[in-house]
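Order of appearance sets the numbers: ligands from 1, and atoms from 1 within every ligand. Just so it is clear, the values below take in all heavy atoms, side chains as well, and ignore hydrogens, waters and symmetry mates.
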Amino acid sequence: MSAAPPPVLSIVVPMFNEESVLPLFVARLRPVADGLGVTYEVVAVDDGSTDGTAIGLQRERRGWEQLRVVRLRANAGHQAAISAGLMRARGDFVVTLDADLQDPPETIAPMLAAAREQGVDVVYGVRSDRSSDSRFKRGTARAFYRTMGRLAGTSAQADAGDFRLMSRATVEAVNALPEYGRVLRFVVPALGFPSETVEYRRAERAAGTSKYPFTKMLRLSVDSLTAFSLAPLRFATLLGLLGGLAAVALLVYALVAKATGQVVAGWTSTVVIVAGMGAVQLLALGILGEYVGRLYAASQARPSYYVAYDSAATGSTVEAGADPESASRSGES
Ligand code: UDP
Ligand code: MG
């Protein structure tokens, strides 16, 4: 790869259709990065954008040599895009943040200081104030972290997103994980590296609209839960058990009714029982399906993203064929 010595800091930024926010982002990040007093690279991961993000990045790159562009061939999702950036980042420290300026770049300085002065491997950005997020988002987020904490016993910082700084050792550990559909905000704490937190105020998205529709949020939640917990499977077993008990009670009732000569009209109860049992069975099957799906995806061992281009590796031409690095499985679908 590149012969230049690795920078002290890599700033990994996933971007999906962020053309409207890109100029604002660059204007804000650049003075901050230049003022850190360390060598750095900005790894902008273009997650298969279909708007002017790719062109915008090339334009910005002309005047900013530390800006490196990694383009994925297709939209691979937020987590996979970060994974691609982690795989390619070369810095001793790697910070990941969103492109929409909800994670203030100014917080990078205290994160780096905390890592260096206190010798910790991970510095989590913790949102001190989420009032800029919608009530729906805050409500679902709270329910999500609480459920994860209960069912999976994960030690994820409540309200920690994907704004964090990691040491080289941590990044190597993450990169070495073969897990498919991993959710970094739970994977990183589970690695157990010494950590610290830095509070920041979550801002409004600077421009454009959220790239996280409800379906993607749901996917992230299911991936998180099935990656860290068998509780849903046990829940299915429990449902089966309760259903079995109910069936025994019903049998007793039916026998007693028959013995005492009462005729059961029974249409309503039959319909309710059939529908209820059907629903429970489908739920249990669905839960099983999520885990089988994860097994299936893992056994296929397909990369969760394909790198089309890396400005640091190629200069300007587009690589053909799958990237050898991305052949190691990582990220989400
Ligand atoms: N993003 C991405 N791929 C996707 C969706 C989102 O790389 O498929 C990026 C997006 O460009 C942004 C970050 O992930 O930099 C967070 O997305 P967004 O701000 O839309 O999510 P929200 O803040 O609304 O949860
Ligand atoms: Mg955002």
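- Regarding atom 6 (C) of ligand 1, its nearest protein heavy-atom neighbour is Lys211 CB, 3.5 Å.
- In terms of protein heavy atoms, atom 1 (N) of ligand 1 is closest to Phe16 CB, 3.8 Å.
- A salt bridge does not link Glu41 to Arg88: none of the charged nitrogens lies less than 4.0 Å from a carboxylate oxygen.
- Closest to atom 8 (O) of ligand 1 among all protein heavy atoms lies Lys216 NZ, 2.7 Å.
- Of all protein heavy atoms, the one lying nearest to atom 12 (C) of ligand 1 is Glu18 OE2, 3.4 Å.
- Between Arg182 and Asp223, none of the side-chain N atoms (NZ, or NE/NH1/NH2) sits under 4.0 Å from a carboxylate O, so this pair counts as no salt bridge.
- Put simply, the side chain of Ser229 never gets that close to the backbone of Leu225: no donor and acceptor are under 3.5 Å apart.
- Counting protein heavy atoms only, atom 19 (O) of ligand 1 is closest to Asp100 OD2, 2.5 Å.
- Residues Glu290 and Arg219 are paired through a salt bridge, judged by an N-O separation under 4.0 Å between the basic side chain and the carboxylate.
- Residue-ligand proximity: Gln79 is placed with every non-hydrogen atom at 4.0 Å or more from ligand 1.
- In this structure, Tyr212 and His78 have perpendicular ring planes: the angle between them is above 60°, well past the 30° mark.
- The backbone and the side chain of Asp98 each have at least one atom closer than 4.0 Å to an atom of ligand 1 (non-hydrogen atoms only).
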Side-chain donor-acceptor distances from residues 20-36 under 3.5 Å, at least two apart:
{"residue": "Ser20", "atom": "OG", "partner": "Gly208", "partner atom": "N", "Å": "3.4"}
{"residue": "Arg28", "atom": "NE", "partner": "Glu106", "partner atom": "OE1", "Å": "3.4"}
{"residue": "Arg28", "atom": "NE", "partner": "Glu106", "partner atom": "OE2", "Å": "2.9"}
{"residue": "Arg28", "atom": "NH2", "partner": "Glu106", "partner atom": "OE1", "Å": "2.9"}
{"residue": "Arg30", "atom": "NE", "partner": "Asp34", "partner atom": "OD2", "Å": "3.3"}
{"residue": "Arg30", "atom": "NH1", "partner": "Gly63", "partner atom": "O", "Å": "2.7"}
{"residue": "Asp34", "atom": "OD1", "partner": "Tyr40", "partner atom": "OH", "Å": "2.5"}

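- At least one heavy atom of Lys137 sits less than 4.0 Å from an atom of ligand 1.
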Salt bridge (Lys or Arg N to Asp or Glu O under 4.0 Å), that's the test. Do Arg59 and Glu19 meet it? Break it down for me. CA-CA 12 Å; Arg59 193 183 306 128; Glu19 65 176 352; over 6 Å; no
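- Those atoms of ligand 1 with a heavy atom of Met15 less than 4.0 angstrom away are 7 (O), 11 (O).
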Could you walk me through whether Arg71 and Asp310 pass the salt bridge (Lys or Arg N to Asp or Glu O under 4.0 Å) check? CA-CA 6 Å; Arg71 178 162 168 87; Asp310 182 344; over 6 Å; no
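- Of the protein's heavy atoms, Tyr212 CD1, 3.3 Å lies nearest to atom 21 (O) of ligand 1.
- Listing protein N, O or S atoms at distances below 2.8 Å from the Mg ion (ligand 2), with waters left out, gives Asp100 OD2, Gln102 OE1.
- The closest protein non-hydrogen atom to atom 18 (P) of ligand 1 is Arg205 NH2, 3.4 Å.
- Residues Arg164 and Val95 are not in side-chain contact: their nearest non-hydrogen atoms beyond the backbone lie 4.5 Å or more apart.
- For the residue pair Ser221 and Phe144, the shortest heavy atom distance occurs at CA-CE1, 3.5 Å.
- For ligand 1, the atoms lying closer than 4.0 Å to a non-hydrogen atom of Arg202 are 23 (O).
- Nearest non-hydrogen protein atom to atom 15 (O) of ligand 1 is Pro14 O, 2.8 Å.
- Ser167 places no side-chain N or O within donor-acceptor distance of the main-chain N or O of Phe93, the cut-off being under 3.5 Å.
- Each of the atoms 3 (N), 4 (C), 8 (O) of ligand 1 lies under 4.0 Å from some heavy atom of Asn75.
- Every atom of ligand 1 is numbered from 1 in the order shown, and the set under 4.0 Å from a heavy atom of Ala99 is 15 (O).
- With Asp103 contributing its side chain and Leu97 its backbone, the two residues share no donor-acceptor pair below 3.5 Å.
- At distances below 3.5 Å, not a single donor-acceptor pair connects side-chain atoms of Arg168 with backbone N or O atoms of Val94.
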